[in-house]
> 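If you scroll down you'll find the structure; I have some questions about it.
Here is the naming used below: chain letters follow the sequence lines, and residue numbers restart at 1 for every chain.
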Amino acid sequence: MTAPRVRFAPSPTGSLHVGGARTALYNWLFARRGGGTFILRIEDTDVERSRRELTDQILHAMRWLGLDWDEGPFFQSERGALYHEAADRLLAEGKAYRAFETPDELDAMKKSAAASGSAFRYDGRARAISKEESDRRAASGEKFVVRLNVPDEPLVVDDAVQGRTEFPAGALDDFVLVRSDGHPLYHFTVCVDDVAMGITHVIRGADHLPNAPKHVALFRALGAPLPVFAHLGMILGTDGKKLSKRHGAAGVEEFEAEGYLPAALDNFLALLGWSPGEDRERMTLAEMVSLFSLERIGPSPSRFDHEKLAWLNGQYLQEVPAARLIEMLKPFRVPDFDPELLARAIALHRSRARTLVDLAHALAIYGDDPMDFDAAGMKKFGKPDAAPLVRTLAERLSAAEPFTHAALEEAARALAAEKGLKLGDLAQPARLGLTGVLASPPLFELIEVLGKETTRRRLLAFADLLARVPAAH
RNA sequence: GCCGCGUUCGUCUAGCGGUUAGGACGCCGCCCUCUCAAGGCGGAGAUCACGGGUUCAAAUCCCGUACGCGGUACCA
């Protein structure tokens, strides 16, 4: 088998969302697996809706995901000559023809079709116009569209994922290839480009499956062999509806901003519709490459489960080398302190975070002293008679020598024993005073990183706060 | 409406004629423990959408129905 040539062909009418990202990923995996070529093509023929910034955003998202392309990006907006050449050839060969109906006339036809309860299909009446008349009317400046002369026979799409589907003869009308203003349309540009680029496998979302017979007809008209089609089940929201804003993040750049790791998103997306079998779930891109095959892609739609993605991201967060993690954290505003201490703080907090945003947020306690204290915690520990105990603890901890978690814990345990308390009776109020919340990494390791000065200052301030709490009755 | 595709625990999935229907997320419990995570162990959770066939045997093959999704442009 010759090396595959595949392409990812987004339209820059929106940012790269997870559905598109998964399509890109599968194409990339397939290309890499087969030692083939991955081509990036920007389908910006819709001039009204395409925006340059969105192309840049898509390119950025691709790079972020680690999906490098071998050729392109090609812009369809710059390939007009190719399409017009192809249209002229089809026209000359009688495989396409000019149709001179105006939009208003077409509307009228649609309306009458709707009135009689049938679906509108262009009836191909302009096929009857002779070549001479067609040329003459075109030359005289009359507006026309170019339509494909779709043969009256069943069209078979043999899909690697969805299986064989047959579209009966007459299911398609002679659809428009080129608009009356000269702009080539989507189906046409796709096929012309796929032929020109020697695409062997078309891997894309199942929303394109109904388009596939059009493409089959077009490939034939163009005299090109059919590529293998593989239509991927759609990615839906958790409620089974089309993915939209109210399902939370859907754009790749949103996941980046929320502190997800590209490796986690790649892994998660890969599993939406594909499974390597043998209960394999966590995989690097390289592992996916070696395991990937079209045969193991399922046909059904899947739902995007943020919970599982978050879990997976947490898993990846545990494995990132410390230095790399510090790099990754940079865009997320972490307190500026000693790099060595930062590394230790990260070691303490990473297992408690599921995203970089979580982690950066957790790291904030190493910056400013806490201003707010957890309400439930204050209800439980916020009593004036707790103040002396916290004060004593502050003194004992300050005196601990060396200032290590082992010595600190020993000091705290000794104090607890003296007072006939459990360690938790001491640790929890201390944790609250030090961090403002009741959940944190092991207290004494935290204190060790926080340092003697900060610990003492916060504990003493907290004791003062406790002393001012009105006594309960 | 018409055309097409899909349907295994709540979710992602394994399964490709004979399994106690497996794994993962989430959920619950236990262990660890100064709290919260992480980790370890265990549990609940699927009459394989439904109804007919084919077969000694069906989640697996065939046909209907229901539901879901997609398409139905001089959008992509």
Side-chain angles (χ1 to χ4, degrees), chain A residues 9-14 43-46 48-50 99 101-103 106 110 114 117-121 143-147 157 159 161-163 165-168 171-173 175-183 185-187 189-190 205-213 231 233-234 236 238 240-242 268 271-282 295-296 298-312 314-315 317-318 348-354 362 377 409 412-413 416 422-428 430-432 435 437-444 446:
Chain A
S11 316
T13 54
E43 312 219 316
D44 54 352
T45 51
D46 186 341
E48 286 87 37
R49 293 199 295 154
S50 298
E101 289 80 13
T102 64
L106 250 19
K110 281 175 198 172
S118 57
F120 168 73
R121 250 191 264 105
K143 292 279 188 198
F144 62 86
V145 297
V146 177
R147 287 181 182 272
V157 178
D159 194 280
V161 170
Q162 304 290 338
T165 67
E166 184 171 321
F167 296 78
L172 257 49
D173 69 354
F175 57 95
V176 176
L177 266 25
V178 182
R179 297 205 308 203
S180 55
D181 64 2
H183 267 102
L185 254 20
Y186 172 75
H187 298 300
T189 57
V190 164
D207 49 339
H208 287 292
L209 187 56
N211 294 332
H231 288 92
M234 305 295 288
L236 310 171
T238 40
K241 302 291 180 197
K242 194 176 171 180
F268 178 74
L271 262 13
L272 248 33
W274 171 75
S275 163
E278 295 175 354
D279 298 331
R280 283 290 297 275
E281 290 220 317
R282 304 236 338 250
E295 293 71 43
R296 294 199 63 90
S300 49
S302 47
R303 303 178 188 209
F304 193 95
D305 182 7
H306 280 82
E307 278 297 328
K308 185 155 185 175
L309 204 216
W311 168 78
L312 204 50
Q315 294 290 307
L317 219 43
Q318 309 317 310
L348 249 30
H349 289 272
R350 68 187 335 186
S351 73
R352 268 153 274 258
R354 303 218 290 180
E409 178 165 354
R413 283 192 188 277
K422 286 186 291 185
L423 184 57
D425 298 330
L426 225 51
Q428 281 304 77
R431 192 186 316 275
L432 184 61
T435 68
V437 293
L438 289 177
S440 85
L443 188 63
F444 305 105
L446 178 87

> Would you mind pulling out the nucleotide paired to G17(B), Watson-Crick or G-U wobble, both distances under 3.5 Å?
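For G17(B), the partner nucleotide comes out as none, under the 3.5 Å rule.
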
> What integer number of Å spans the P atoms of A21(B) and A46(B)?
13 Å

> Touch check for Gly163(A), heavy atoms < 4.0 angstrom, all strands: base, sugar-phosphate only, or nothing?
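It contacts nothing in the nucleic acid.
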
> Can you check the distance between C5(B) and C61(B), where both ends of the measurement are the P atom (answer in whole Å)?
15 Å

> Check every strand shown and say whether Glu281(A) touches a base, only sugar-phosphate, or nothing at a heavy-atom separation below 4.0 Å.
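Result for Glu281(A) = base.
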
> Measure CG/Asp425(A) against P/U33(B) and give the value in whole Å, please.
17 Å

> Got Val178(A) and His183(A) here, is their nearest side-chain heavy-atom distance under 4.5 Å?
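They are not in contact (no side-chain heavy atoms under 4.5 Å apart), so the answer is no.
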
> Between P on A76(B) and CG on Asp207(A), what's the gap in Å once rounded to a whole number?
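Result: 14 Å.
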
> Taking N and O atoms by type only, does the side chain of Arg303(A) place a donor or acceptor under 3.5 Å from a partner on the base of C12(B)?
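Between C12(B) and Arg303(A), which were checked side chain against base, a qualifying N/O pair under 3.5 Å is absent.
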
> Would you say the side chain of Ser351(A) and the base of A38(B) hold a donor-acceptor pair, judged only by whether the two atoms sit under 3.5 Å apart?
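Under the 3.5 Å cut-off, the side chain and the base do not form any donor-acceptor pair.
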
> Counting only Watson-Crick or G-U wobble pairs whose two distances fall under 3.5 Å, which nucleotide matches C9(B)?
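By the stated definition (distances under 3.5 Å), nothing pairs with C9(B).
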
> Taking the side chain of Gln162(A) as heavy atoms from C-beta outward, which of A76(B), C3(B), C5(B) is closest to it?
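Nearest nucleotide to the side chain: C5(B).
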
> Taking only side-chain N and O atoms of Arg350(A), does any of them lie within less than 4.0 angstrom of OP1 or OP2 on C36(B)?
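No, no such contact exists.
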
> Using a heavy-atom cut-off of under 4.0 Å over every strand shown, decide if Pro441(A) touches base, sugar-phosphate, or nothing.
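Base, at least one base atom sits under 4.0 Å.
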
> Under 3.5 Å, is there any donor-acceptor pair linking the side chain of Asp279(A) to the base of G22(B)?
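Per atom types, the contact qualifies.
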
> Classify the nucleic acid contact of Thr189(A) as base, sugar-phosphate or nothing, counting any heavy atom under 4.0 Å across all strands shown.
nothing

> Between Ser275(A) and Gly277(A) (side chain of the first, backbone of the second, donor and acceptor by atom type, cut-off under 3.5 Å), is there such a pair?
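Answer holds: yes.
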
> Is the backbone of Gly273(A) close enough, under 3.5 Å, to the side chain of Arg296(A) for a donor and an acceptor to pair up by distance?
no

> What is the nucleic acid contact for Leu271(A), judged by heavy atoms within less than 4.0 Å: base, sugar-phosphate only, or nothing?
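Answer is sugar-phosphate: Leu271(A) comes under 4.0 Å of backbone atoms only.
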
> Within the modelled atom types, does a donor on one side and an acceptor on the other bring the side chain of Ser180(A) and the base of C74(B) under 3.5 Å apart?
yes

> Suppose you measure atom P in U13(B) against the same atom in A49(B); what distance do you get, rounded to whole Å?
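Comparing P positions in U13(B) and A49(B) gives a spacing of 15 Å.
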
> Measuring only the C1' atom in each nucleotide, how far is U60(B) from C74(B)? A whole number of Å is fine.
47 Å

> Charged N to carboxylate O under 4.0 angstrom, Lys143(A) versus Glu101(A)?
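Salt bridge: no.
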
> Rounded off to whole Å, could you give me the CG-to-C1' distance for the Leu348(A) and A37(B) pair?
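Answer to the nearest Å: 11 Å.
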
> Does the structure show a Watson-Crick or G-U wobble partner for U72(B), both distances under 3.5 Å? Name it, or say none.
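Across any shown strand, U72(B) pairs with G1(B).
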
> What about Arg431(A): does its side chain form a donor-acceptor pair under 3.5 Å with the base of C34(B)?
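Present.
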
> Out of A76(B), C5(B), G15(B), which nucleotide sits closest to the side chain of Arg296(A)?
G15(B)

> Quick one: Leu312(A) CG to G26(B) P, roughly how many Å, whole number?
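From Leu312(A) CG to G26(B) P: 10 Å.
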
> Nearest-Å distance, CZ (Phe175(A)) to P (A73(B))?
13 Å

> Can a side chain N or O of Ser300(A) be found less than 4.0 Å away from OP1 or OP2 on C69(B)?
no

> Please confirm whether His208(A) and Tyr186(A) have ring centers closer than 6.0 angstrom.
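Centroid separation for His208(A) and Tyr186(A): below 6.0 Å.
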
> Taking the minimum atom-to-atom distance to the side chain of Ala439(A), which one of A38(B), C36(B), A24(B) wins?
C36(B)

> So does Val157(A) get a backbone contact from the side chain of Glu166(A), meaning a donor-acceptor N/O pair under 3.5 Å?
no

> Please give the nucleotide sitting opposite C50(B) as a Watson-Crick or G-U wobble pair, both distances under 3.5 Å, or none.
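Across any shown strand, C50(B) pairs with G64(B).
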
> Taking only the C1' atom of each, what is the distance from G6(B) to G43(B) in whole angstrom?
33 Å

> Are OP1 or OP2 of A14(B) and a side-chain N or O of Arg280(A) less than 4.0 angstrom apart?
no

> Between A58(B) and C69(B), how far apart are the P atoms? Round to whole Å, please.
33 Å

> Of all the nucleotides listed (U7(B), C25(B), C34(B)), which has the minimum atom distance to the side chain of Trp311(A)?
C25(B)

> In whole angstrom, give me the gap between the C1' atoms of G22(B) and A59(B).
13 Å

> Please state how far atom CZ in Arg121(A) lies from atom C1' in C3(B), giving the value in whole angstrom units.
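Those two atoms, CZ and C1', are 9 Å apart.
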
> Determine: side-chain N/O of Ser302(A) to OP1/OP2 of U13(B), distance under 4.0 Å, yes or no.
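Result: yes.
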
> Has Arg413(A) got a side-chain N or O lying under 4.0 Å from the OP1 or OP2 atom of C34(B)?
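For C34(B), OP1/OP2 do have a side-chain N/O of Arg413(A) under 4.0 Å.
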
> With both distances under 3.5 Å as the test, what is the Watson-Crick or G-U wobble partner of A59(B)?
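WC or wobble partner does not exist here.
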
> Among U35(B), C12(B), C74(B), which nucleotide has an atom closest to any side-chain atom of Leu272(A)?
C12(B)

> Is it true that the side chains of Arg431(A) and Ser440(A) contain a donor and an acceptor less than 3.5 Å apart?
yes

> Is the closest side-chain heavy-atom distance between Arg147(A) and Leu177(A) below 4.5 Å?
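No. Closest side-chain heavy atoms not under 4.5 Å.
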
> With respect to the side chain of Asn211(A), which nucleotide from G15(B), C34(B), A76(B) is positioned closest?
A76(B)

> Please determine, for the side chain of Ala427(A), which listed nucleotide (C34(B), A76(B), G6(B)) has the closest atom?
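Of the options given, the side chain of Ala427(A) lies nearest C34(B).
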
> Tell me whether the OP1 or OP2 atom of U33(B) has a side-chain N or O from Lys422(A) closer than 4.0 Å.
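No, Lys422(A) has no side-chain N/O under 4.0 Å of OP1/OP2 on U33(B).
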
> May I have the step-by-step check of side-chain hydrogen bond (donor to acceptor under 3.5 Å, both in side chains) for Gln318(A) and Arg350(A), ending in yes or no?
CA-CA 6 Å; Gln318(A) 309 317 310; Arg350(A) 68 187 335 186; 4.9 Å; no

> Would you mind reading off the distance between Gln428(A) atom CD and U33(B) atom P, rounded to a whole angstrom?
16 Å

> Rounded to whole angstrom units, what separation is found between the CZ atom of Arg179(A) and the P atom of A76(B)?
7 Å

> State whether Gln315(A) places a side-chain N or O below 4.0 Å from either non-bridging phosphate oxygen (OP1 or OP2) of G39(B).
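Yes.
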
> Identify which nucleotide among G10(B), A24(B), C36(B) has an atom closest to any side-chain atom of Asp305(A), counting heavy atoms from C-beta outward.
G10(B)

> Between Leu446(A) and Phe444(A), does a side chain to side chain contact (heavy atoms under 4.5 Å, CB included) hold up when you go through it step by step?
CA-CA 5 Å; Leu446(A) 178 87; Phe444(A) 305 105; over 6 Å; no

> Which nucleotide wins on minimum distance to the side chain of His187(A), given the candidates G6(B), A76(B), C34(B)?
A76(B)

> Taking only the side-chain heavy atoms of Glu307(A) (C-beta and beyond), determine which of C74(B), G4(B), G26(B) contains the nearest atom.
G26(B)

> For Val176(A), report the nucleic acid contact type (base, sugar-phosphate, nothing); a contact means any heavy atom under 4.0 Å.
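Sugar-phosphate contact only.
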
> Tell me the partner of U33(B), counting only Watson-Crick (N1-N3 plus N6-O4 or O6-N4) or G-U wobble (N1-O2 and O6-N3) with both under 3.5 Å; none if nothing fits.
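Checking every strand shown, U33(B) finds no partner, since no pair has both distances under 3.5 Å.
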
> When the P atoms of U55(B) and U65(B) are considered, how many whole Å apart are they?
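Going atom to atom, P in each nucleotide, I get 24 Å.
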
